[in-house]
Amino acid sequence: MARHLITSALPYINGIKHLGNMVGSMLPADVYSRYLRQRGHEVLYICATDEHGTPAELAAQEAGLPVAEFCARAHDAQQAVYDGFGMSFDHFGRSSSPQNREITQEIARELQRNGFIEERAIRQVYSNADGRFLPDRYIVGTCPHCGYDKARGDQCENCTRVLDPTDLLEPRSAISGSSDLEVRETRHLFLLQSKLTAEVEAWIAAHGDDWPVLASSIARKWLTEGLQDRSITRDLEWGVPVPADVWPELAAEGKVFYVWFDAPIEYIGATKEWADAAPAGQDRDWKSWWYEADETVRYTEFMAKDNVPFHTVMFPATILGSRRPWKKVDYVKAFNWLTYYGGKFSTSQKRGIFTDIALELLPADYWRYFLMAHAPESDDSSFTWDLFASVVNKDLADTLGNFVNRVLSFSRKRFGDDVPAGAEPGEAEARLGGQIAGLLAEYEAQLEALNFRKAAQALRALWSAGNSYLDETAPWRQVKTDPEAAALTLRTAMNLIHLYAVVSEPFIPAAAAAMRGAFALPADERTWITGDEARALDLVPAGTPFTVPPVLFAKITDEDLAAWTARFGGTEA
């Protein structure tokens with residue numbers, strides 16, 4: 001089996017993330033990781049908090065905490081939310097770790113030795129009110145391209161265009177709000193992307209055709225516009241320091257690396273964190289995942305579209321320029337936006353549903369399934385409370401939850417607490433087995449292709465097939481005239497429940513565990529269902545004790561909708 005390295009874009013440390021962040025990176029990566037593990041592959045799923053840069057300093061300042069203490073607390077808070085969502089990270093690290101500092105500095109040294117870093121004098125915005133040079137994210141203003149009046153000095157979150165602070169119209173300090181700004185000369189390090197253009201182009205040409213159009217088109221757009229040499233240091237108190245052995249003057253001035261230089265390197269750093277955190281007696285070889293691993297590891301990255309340029313151009317340029325055999329991404333799965341009633345989810349503007357609040361309202365599986373069933377893959381998708389309630393009630397409560405409850409409750413009432421035996425399978429069971437095997441193959445194919453909406457459709461079709469079988473056989477009528485036929489129907493349906501438990505786990509792990517736990521199967525360690533097993537539907541034999549689990553999914557009521565809409569808003573933007 002293959003070795004799969006999976007990373008999802010690092011969530012910023014400045015607060016709990018919203019559902020758009022979840023569906024755009026971490027959740028699909030988790031679904032894919034779970035699926036691959038169930039199919040027997042060796043998987044390493046790595047993520048971390050992105051703790052450097054302006055957002056961390058500004059958030060710490062607002063909280064009245066030293067930035068290191070703020071980041072430590074915020075990391076733990078985010079970790080708790082992701083645990084609540086069932087994220088199966090192998091390691092959830094921190095970009096402020098010593099491991100990331102060490103690796104980032106070493107890669108910078110390699111780039112310098114190879115002639116791809118240059119120290120340049122530049123003119124930078126200085127705030128007289130704050131008495132300091134302002135890094136790009138410390139400057140806000142109006143985007144010259146789309147007119148958005150809260151654009152940051154590095155990127156406009158509205159149109160996603162990459163900016164320099166001097167591009168902004170009506171700029172002001174994000175610290176004090178002062179517009180008393182002037183441009184002064186200072187010195188910074190630049191990554192000479194222009195010298196690496198041909199290598200990046202060749203690399204994307206060799207790999208980009210396999211990526212989704214969203215990812216490849218963004219990468220190629222950057223290449224078409226031409227790669228510019230880019231500053232990779234900033235004037236901040238918090239970050240990976242410029243190594244004094246190479247740039248002593250800049251180190252003395254307190255320069256740190258730009259967050260978008262060290263953040264992708266944290267994928268490597270977090271893997272070393274994972275290795276260093278191995279329990280006593282366990283050896284974890286982090287380098288085998290990242291170093292000279294092109295032929296042994298399949299690397300997949302998950303991210304929203306605004307992160308694509310940095311991962312498909314800037315980070316590969318960094319790795320290529322190091323002249324070291326670091327693993328580069330094989331497949332970039334990019335997502336469009338999930339909007340809230342047509343408007344963007346926004347951490348800074350507190351617009352939309354945030355992940356901690358989501359878990360207060362409903363268990364994680366409700367959100368996991370809905371988000372994947374409506375993942376913004378081919379285009380932006382919109383969250384509305386009515387749509388959310390409709391999907392939960394129809395797919396989860398009625399199609400799956402009601403099937404499980406009525407099969408187990410009716411069988412216990414009529415045949416006791418063990419799976420009934422009944423007659424031998426007949427024509428209806430043969431048709432059902434063939435249908436289930438076909439739908440399972442479709443579900444597998446869509447997950448292999450990372451088509452999550454289509455995978456959710458195939459999973460829903462699997463659940464629907466069980467209801468159609470019950471409607472056709474009608475065990476509540478069979479039991480009156482042919483108890484053996486009714487027992488066969490219920491035994492077959494219980495085998496479907498077990499199958500659902502196994503194959504639904506990537507999407508709804510808690511409900512899958514509850515379904516599997518309903519049957520007292522000895523040593524039930526099965527991780528997947530083969531096509532032949534799907535056709536036979538006999539993995540839960542007659543005589544197996546079972547219990548009726550609590551309701552898997554409760555319906556969302558009109559009262560719930562009214563309360564949530566009043567609390568969070570529910571109108572088109």
Side-chain angles (χ1 to χ4, degrees), residues 7-27 29-30 45-101 104 135-138 140 152 154-155 157 174-175 234 236-241 256-267 269-270 273-274 277 302-304 306-307 310 345-360 364 367:
T7 63
S8 52
L10 310 186
Y12 270 131
I13 196 68
N14 61 330
I16 299 299
K17 304 298 107 177
H18 53 67
L19 294 182
N21 291 116
M22 178 63 72
V23 73
S25 58
M26 288 173 282
L27 182 54
D30 181 72
Y45 177 21
I46 293 293
C47 193
T49 40
D50 185 357
E51 300 189 8
H52 292 142
T54 311
E57 288 196 0
L58 291 177
Q61 177 182 313
E62 184 177 345
L65 293 171
V67 65
E69 182 180 347
F70 170 82
C71 288
R73 292 186 184 185
H75 172 85
D76 291 346
Q78 288 199 24
Q79 175 83 70
V81 171
Y82 302 143
D83 288 347
F85 263 88
M87 296 294 104
S88 61
F89 304 125
D90 288 284
H91 186 73
F92 185 66
R94 302 181 60 187
S95 69
S96 63
S97 69
Q99 292 89 341
N100 191 43
R101 174 182 296 204
T104 296
D136 42 19
R137 284 198 171 207
Y138 274 44
V140 294
R152 301 184 306 257
D154 64 338
Q155 187 177 28
E157 72 168 3
I175 302 172
R234 294 294 185 269
L236 289 169
E237 298 176 2
W238 177 247
V240 174
V256 301
F257 285 109
Y258 174 41
V259 63
W260 264 111
F261 182 76
D262 80 87
I265 296 172
E266 166 61 6
Y267 297 135
E273 294 171 45
W274 163 78
F302 290 80
M303 69 198 67
D306 58 330
N307 285 329
F310 300 101
F345 278 80
S346 173
T347 299
S348 60
Q349 299 177 38
K350 307 297 183 185
R351 174 179 172 80
I353 309 302
F354 289 75
T355 48
D356 56 342
I357 301 301
L359 294 178
E360 291 178 13
W367 303 103

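Position 1 is the first residue of the sequence, and the numbers go up from there.
- Atom-to-atom distance recorded for N21:CG and T355:OG1 is 8.0 Å, nearest 0.5 angstrom.
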Anything under 3.5 Å between a donor and an acceptor, one on a side chain of residues 70-79, the other on a protein residue two or more places apart or in another chain? List them.
| residue | atom | partner | partner atom | Å |
| --- | --- | --- | --- | --- |
| R73 | NE | E69 | OE2 | 3.3 |
| R73 | NH2 | E69 | OE2 | 2.6 |
| H75 | ND1 | T49 | OG1 | 2.9 |
| Q78 | OE1 | Y82 | OH | 3.0 |
| Q78 | NE2 | Y12 | O | 2.7 |
| Q78 | NE2 | G15 | O | 3.2 |
| Q79 | NE2 | D83 | OD1 | 3.1 |

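- When side chains are defined from C-beta on, M26 counts as touching F89, because their heavy atoms get closer than 4.5 Å.
- Residues satisfying the side chain to side chain contact (heavy atoms under 4.5 Å, CB included) test with S25, not counting sequence neighbours, are S8, A9.
- Of the possible donor and acceptor atoms, one in the side chain of D90 sits under 3.5 Å from a partner among the backbone N and O of Y45.
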Enumerate donor-acceptor pairs with a distance under 3.5 Å from any side-chain N or O in residues 56-66 to protein atoms, sequence neighbours excluded.
| residue | atom | partner | partner atom | Å |
| --- | --- | --- | --- | --- |
| E57 | OE1 | Y138 | OH | 2.3 |
| E57 | OE2 | E237 | N | 2.8 |
| E57 | OE2 | W238 | N | 3.0 |

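- A heavy-atom distance below 4.5 Å is found between the side chains of W260 and N307.
- E273 and S97 make their closest contact through OE2-OG, 2.9 Å (heavy atoms, listed as atom of the first residue, atom of the second, distance).
- Evaluation of the salt bridge (Lys or Arg N to Asp or Glu O under 4.0 Å) rule for D306 yields no partner, not counting sequence neighbours.
- In this view, R101 satisfies the salt bridge (Lys or Arg N to Asp or Glu O under 4.0 Å) rule with no residue, not counting sequence neighbours.
- Qualifying side chain to side chain donor-acceptor pair (under 3.5 Å) partners for D30, counting only residues two or more places apart in sequence or in other chains: R34, S88, R368.
- In this structure, P11 and A48 approach most closely via the heavy-atom pair CD-O, 3.0 Å.
- Closest heavy-atom contact between G93 and E266: C-OE2, 3.9 Å.
- Nearest heavy-atom pair across A29 and F302 is CB-CD1, 3.5 Å.
- Take R234 and apply the side chain to side chain donor-acceptor pair (under 3.5 Å) test, not counting sequence neighbours, and it matches D136, S231.
- Taking all atoms of both residues into account, the shortest heavy-atom contact from L19 to A358 is CD2-CB, 4.1 Å.
- Here E51 pairs with R94 under the salt bridge (Lys or Arg N to Asp or Glu O under 4.0 Å) rule; sequence neighbours left out.
- Side-chain contact between D356 and K17: absent, with no pair of heavy atoms (C-beta onward) separated by less than 4.5 Å.
- Residues V81 and L359 come closest through the heavy atom pair O-CD1, 3.7 Å.
- F85 has its side chain out of reach of L27: every pair of non-hydrogen atoms, C-beta onward, lies at least 4.5 Å apart.
- Among residues two or more places apart in sequence or in another chain, the side chain to side chain contact (heavy atoms under 4.5 Å, CB included) test is passed with V256 by L236.
- Scored by the side chain to side chain donor-acceptor pair (under 3.5 Å) test, D50 finds no partners at all (sequence neighbours excluded).
- Screening V240, N100, V259, I265 against S95 for a side-chain contact (heavy atoms from CB on, under 4.5 Å) leaves a single residue, N100.
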